[in-house]
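Note sheet for the following structure.
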Amino acid sequence: MPLSPGESPGFLLWHATLRWQRDIAAALAPLDLTHVQFVLLACTWWLNSQGEHPNQLAVARQAGTDVKMTSQVLRTLENKGLVEREVDPADTRAERLRVTDVGADLAPRAIAAVERADAQFFRPVPVGDAVALLKRLARPEA
């Protein structure tokens, strides 16, 4: 017997995801970032802060995004002056990504805005429970 929409985990997840995406988009709008731009900027900034000089494949892996789409969005971040590409001294055919000073100023502010939106969205659930469930759903093999 089929579940009613209000009892379907997938349907409820769909609606929760749409609401969460709207909340994140609203939090990032004043910073002139889309959600995917935020994710790629934040991942690049985080990798740089760990002493890494990632290429776009490494950033895509960190973000869990498609490589081709990652390339297009990184180009947009470059045009905004938030990220720049540098020739890799170890392989002149490769390019490494570096967050600019403007990007390094924006990334932590954007992360804080997203964290505030997340805290508000997940407020009804203890944070440890939410993180445990989401880790399990994101990586069921782990």
Side-chain angles (χ1 to χ4, degrees), residues 3-142:
L3 297 174
S4 71
E7 296 172 348
S8 168
F11 192 69
L12 291 169
L13 179 61
W14 169 252
H15 280 274
T17 300
L18 291 174
R19 189 180 132 234
W20 175 74
Q21 288 174 334
R22 282 190 302 269
D23 292 352
I24 297 300
L28 292 170
L31 302 173
D32 191 31
L33 289 173
T34 67
H35 196 171
V36 71
Q37 288 171 2
F38 160 74
V39 169
L40 295 175
L41 175 64
C43 286
T44 305
W45 175 80
W46 187 83
L47 290 166
N48 285 174
S49 73
Q50 301 302 302
E52 296 184 36
H53 305 285
N55 60 21
Q56 72 185 28
L57 178 59
V59 171
R61 284 185 181 146
Q62 176 73 24
T65 53
D66 173 76
V67 177
K68 185 174 181 178
M69 183 270 299
T70 298
S71 177
Q72 294 168 346
V73 175
L74 285 170
R75 194 171 307 116
T76 299
L77 292 174
E78 273 186 287
N79 292 338
K80 289 183 170 193
L82 303 174
V83 171
E84 61 187 17
R85 297 174 198 259
E86 303 171 329
V87 174
D88 186 338
D91 179 358
T92 56
R93 298 167 298 170
E95 292 180 318
R96 303 184 316 183
L97 296 165
R98 187 183 72 76
V99 175
T100 64
D101 290 343
V102 173
D105 177 63
L106 181 59
R109 291 188 297 123
I111 291 167
V114 166
E115 287 179 348
R116 283 190 300 274
D118 279 350
Q120 181 65 26
F121 181 84
F122 290 106
R123 185 176 34 106
V125 181
V127 70
D129 292 350
V131 170
L133 173 62
L134 294 169
K135 278 184 178 180
R136 187 152 183 216
L137 292 174
R139 294 184 183 90
E141 65 282 351

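Basis for what follows: all heavy atoms, side chains included, without hydrogens, waters or symmetry-related copies.
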Query raised in the report: Would you say the side chain of Trp45 lies within less than 4.5 Å of the side chain of Ile111, judging by non-hydrogen atoms?
Result: yes

Query raised in the report: Hey, does Glu84 have a side-chain heavy atom less than 4.5 Å from the side chain of Leu97?
Result: no

Requested in this report: Could you tell me whether a side-chain N or O of Gln37 sits under 3.5 Å from a main-chain N or O of Thr34, the two making a donor and an acceptor?
Outcome: yes

**Report entry** Contact summary for Ala58 and Pro54, nearest pair of heavy atoms
**Finding:** CB-CB, 3.8 Å

Query raised in the report: Does Lys68 come within less than 4.0 Å of Asp66, counting only side-chain N to carboxylate O?
Result: no

Query raised in the report: If only atom types and distance count, is the side chain of Ser71 paired as donor or acceptor with the main-chain N or O of Val67 below 3.5 Å?
Result: no

Query - salt_bridge(Arg93, Asp88) N-O dist < 4.0 Å - result: no

Query raised in the report: Given side chains that start at C-beta, do those of Arg96 and Arg85 come closer than 4.5 Å, heavy atoms only?
Result: no

Query raised in the report: From Arg61 CZ over to Gln56 CD, what is the distance, rounded to the nearest 0.5 angstrom?
Result: 11.5 Å

Requested in this report: Give the minimum heavy-atom separation between Ala110 and Leu33, together with the two atoms involved.
Outcome: CB-CD1, 3.9 Å

Query raised in the report: So, the side chain of Asn48 versus the backbone of Val99: is there a donor-acceptor pair under 3.5 Å, distance only?
Result: yes

Requested in this report: Pick out which of Val59, Val36, Val73, Leu106 makes a side chain to side chain contact (heavy atoms under 4.5 Å, CB included) with Leu41.
Outcome: Leu106

Requested in this report: May I ask you to test the Leu74-Thr44 pair for a side-chain heavy-atom distance under 4.5 Å?
Outcome: yes

Query raised in the report: Would you say the side-chain atoms of Thr65 pair up with the backbone N or O of Thr70, donor to acceptor, closer than 3.5 Å?
Result: no

Query raised in the report: Within a strict 4.5 Å, meaning less than it, do heavy atoms of the Phe38 and Val114 side chains meet?
Result: yes

Query raised in the report: Are any non-hydrogen side-chain atoms of Asn55 and Glu95 less than 4.5 angstrom apart?
Result: no

Query raised in the report: Is the His15 ring parallel, tilted or perpendicular to the Phe11 ring (thresholds 30°, 60°)?
Result: perpendicular

Query - Check: Asp32 main-chain N/O paired with Lys80 side-chain donor or acceptor under 3.5 Å - result: yes

Query - Exercise: identify the closest heavy-atom pair between Arg109 and Leu31 - result: NH1-CD2, 3.8 Å

Report summary line: Between Gly6 and Leu12 the two heavy atoms that sit nearest each other are O-CD1, 3.5 Å

Query raised in the report: Going by heavy atoms in the side chains, are Trp14 and Arg19 under 4.5 Å from each other?
Result: no

Query raised in the report: Is there side-chain contact between Thr100 and Asp105, with at least one heavy-atom pair below 4.5 Å?
Result: no

